[in-house]
There are 2 protein chains.
Amino acid sequence: MASKSKMDGSIGAKNKQKILAAAEKAFATYGFKGTSVQQIADEAELPKTNILYYFKSKQGLYVAMLQDIMSLWNSRFDQVTEDDDPAQSLADYIADKMTMSRTHPQASKIFAMEVLNGAPYLNKFFSNEHVAWMEGRVAILNSWIAQGRMTVVDPLYLLFHIWACTQHYADFSAQITSLRGKTMKRADFDEATRQLVQLILSGCGLTVPEKYLESAK
Amino acid sequence: MASKSKMDGSIGAKNKQKILAAAEKAFATYGFKGTSVQQIADEAELPKTNILYYFKSKQGLYVAMLQDIMSLWNSRFDQVTEDDDPAQSLADYIADKMTMSRTHPQASKIFAMEVLNGAPYLNKFFSNEHVAWMEGRVAILNSWIAQGRMTVVDPLYLLFHIWACTQHYADFSAQITSLRGKTMKRADFDEATRQLVQLILSGCGLTVPEKYLESAK
DNA sequence: CAAAAAAATGACTAAGTGGTCAGGAAATTG
DNA sequence: CAATTTCCTGACCACTTAGTCATTTTTTTG
């Protein structure tokens, strides 16, 4: 059959995944410049030349890994409409983002480093999909405000603040761990989520859904 | 006379300052690993060897610069007591931190990178002064809560959220600029400060001081 | 099973890095 | 003004790094 010659390559696809995972771990820990291809190779348990065989260059691997990561940035909030409940929608969005920080802290850190350095490889993404997404969400929030369903706030800044707080738990985990004297466990994330949902929703004049009211203390 | 031999050295002190400023700019832009001593030398308009003359090593320069930066972390909030007004005190703290993000974005970025990388050079600071500072502030917030002057919130998380939001404007400026289509000017920071103060204070059941209510829109 | 394609890899290279060192210039000081 | 200390710098070195290349091994396929 005239199959696409290499196709998914099975073996190649598996190695690529292994390399991407190793790269994510290494880049998150040491940054782009601080990570050598050799380190990634060790982590992936493959010879260095093999890495360069699958990805043309260190930069190529980095960009591929960034794309991989950006696909995680989706959440239920993308599908929300102006007919949905503001309190429920925002609370769930915050909870989703907190879950991301707990389950994918490496991805969050890489994203943070990239933006810190001026987002050289994300500027295209920012000025396309990201701006469009933002406009859509801002429109919905403005609609909720116009309907008098929440306090008058600038939706842009509100979203900034939600991102800032949720990502903080992944990006600044070293500081948080030091100050708490212990790492954040699942239960701690749940408590932080409740605290944040209450802060933001109250700040927007919304009633906190029962689910996010304090349970165990 | 038995003067302290070198003392401030005048000439040496001036060069050290020049080098520290150049290092701050370079490290903030390219990170520790991404910055070469040569780059700092170019920025400071001094030969590379001269940098190594004043600071024993690249790492030594980095640590000196970090200390320099950490001294900026002080604010009026350090002096607040339980007799002060919660709304006013918190609003001013938020405003102070926002001003820091506007006037010293490089310092904020360097701090962020350091923490992202596990805060190897700040762990000592975190577990000493920083923990003590935190305990003091938490006690005051708890006192306000006990007095019924603000909503029951966990002070620890509240402070995390204030830091997250305020620092976000420095650390993620690339993303913010892309999404807004223009950089944050002084007036934009003032508006963001108002938005944030209203969000946090409302979220804590506090009345927003008149100063932070919307003025021009 | 032979031919072709894909995968693997050891040896090497060119560029850049942090840091040393010896020698000299400038400033300070008794 | 001589001596001592501080300051300055070009030449150099050991080492790391990303990436190349020629060659071999493995897998796929007609």
Side-chain angles (χ1 to χ4, degrees), chain A residues 1-27 29-66 110 113 117 120-121, chain B residues 1-27 29-66 110 113 117 120-121:
Chain A
M1 258 276 279
S3 76
K4 277 297 173 15
S5 71
K6 63 172 181 186
M7 282 296 289
D8 65 351
S10 156
I11 183 161
K14 210 161 108 184
N15 275 341
K16 276 193 177 182
Q17 271 316 112
K18 214 158 128 186
I19 294 168
L20 283 171
E24 188 177 318
K25 185 169 176 183
F27 283 136
T29 312
Y30 307 105
F32 179 76
K33 277 280 200 172
T35 301
S36 69
V37 178
Q38 186 61 58
Q39 280 177 66
I40 299 171
D42 292 346
E43 181 69 37
E45 293 180 297
L46 289 171
K48 187 185 85 165
T49 7
N50 212 335
I51 311 287
L52 277 315
Y53 168 71
Y54 283 107
F55 300 90
K56 284 172 197 164
S57 65
K58 181 185 178 183
Q59 181 175 308
L61 168 56
Y62 178 74
V63 171
M65 182 215 56
L66 255 192
I110 288 167
M113 283 190 204
N117 292 342
Y121 299 110
Chain B
M1 256 276 278
S3 77
K4 278 296 174 19
S5 71
K6 64 172 179 184
M7 283 296 287
D8 66 351
S10 158
I11 182 161
K14 212 161 104 184
N15 275 341
K16 277 194 179 183
Q17 272 316 113
K18 215 157 124 187
I19 294 168
L20 283 171
E24 188 179 318
K25 185 169 175 183
F27 284 136
T29 312
Y30 307 104
F32 179 76
K33 276 281 199 170
T35 301
S36 69
V37 179
Q38 187 60 58
Q39 279 177 69
I40 299 172
D42 292 346
E43 181 68 38
E45 292 181 297
L46 289 171
K48 186 184 86 167
T49 2
N50 210 336
I51 311 286
L52 276 316
Y53 168 70
Y54 283 107
F55 300 90
K56 284 172 199 165
S57 64
K58 181 185 177 183
Q59 181 175 309
L61 168 55
Y62 179 74
V63 171
M65 183 214 56
L66 255 192
I110 288 166
M113 283 190 205
N117 292 342
Y121 298 110

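Any value given below was found using the heavy atoms of this structure, including those in side chains, with hydrogens, waters and symmetry copies removed. Note on naming: letters A, B, ... go to the chains in the order of the sequence lines (proteins, then strands), and numbering restarts at 1 for each one.
By the 6.0 Å contact criterion, OH on A/Tyr62 is enclosed, its count of non-hydrogen atoms from other residues, nucleotides or ligands being greater than 12.
Rounded to a whole Å, the OH atom of B/Tyr54 is 12 Å from the C1' atom of D/dT9. D/dC7 atom C1' lies 12 Å from atom NZ of B/Lys16, rounded to whole Å. Protein atom CG of B/Asn50 is 19 Å distant from nucleotide atom P of C/dG24, rounded to whole Å. Atom OH of B/Tyr62 and atom C1' of C/dG18 are 17 Å apart (whole Å). Atoms CG (A/Leu46) and P (C/dT9) sit 7 Å apart, rounded to a whole Å. The distance from atom CG of A/Asn15 to atom C1' of C/dA8 is 10 Å, rounded to the nearest whole Å.
Under 4.0 angstrom from either OP1 or OP2 of C/dA7 there lies at least one side-chain N or O belonging to A/Tyr53.
Between B/Gly31 and B/Thr35, the shortest heavy-atom contact is O-OG1, 2.7 Å. Residues B/Ile19 and B/Ile51 share a closest heavy-atom pair of CG1-CD1, 3.8 Å. Looking at every heavy atom in both residues, A/Lys25 comes nearest to A/Thr29 through O-OG1, 2.7 Å.
Rounding to the nearest 0.5 angstrom, the gap separating the NZ atom in B/Lys18 from the CG atom in B/Asn50 is 9.0 Å. Within the model, atoms OH of B/Tyr53 and CG of B/Asn15 stand 10.0 Å from one another, a figure rounded to the nearest 0.5 Å. Within the model, atoms CD1 of A/Ile40 and CD of A/Glu24 stand 11.5 Å from one another, a figure rounded to the nearest 0.5 Å.
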In B/S/- notation, 5' to 3', how is nucleotides 16-27 of chain D contacted by protein heavy atoms closer than 4.0 Å?
-SBBBB------
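Judged by the 6.0 Å and 45° rule, A/Lys58 forms a cation-pi pair with A/Phe32.
An end-to-end axis angle of 10° holds for the helix from C/dC1-D/dG30 to C/dG30-D/dC1, taken from five base pairs per end and rounded to 10°.
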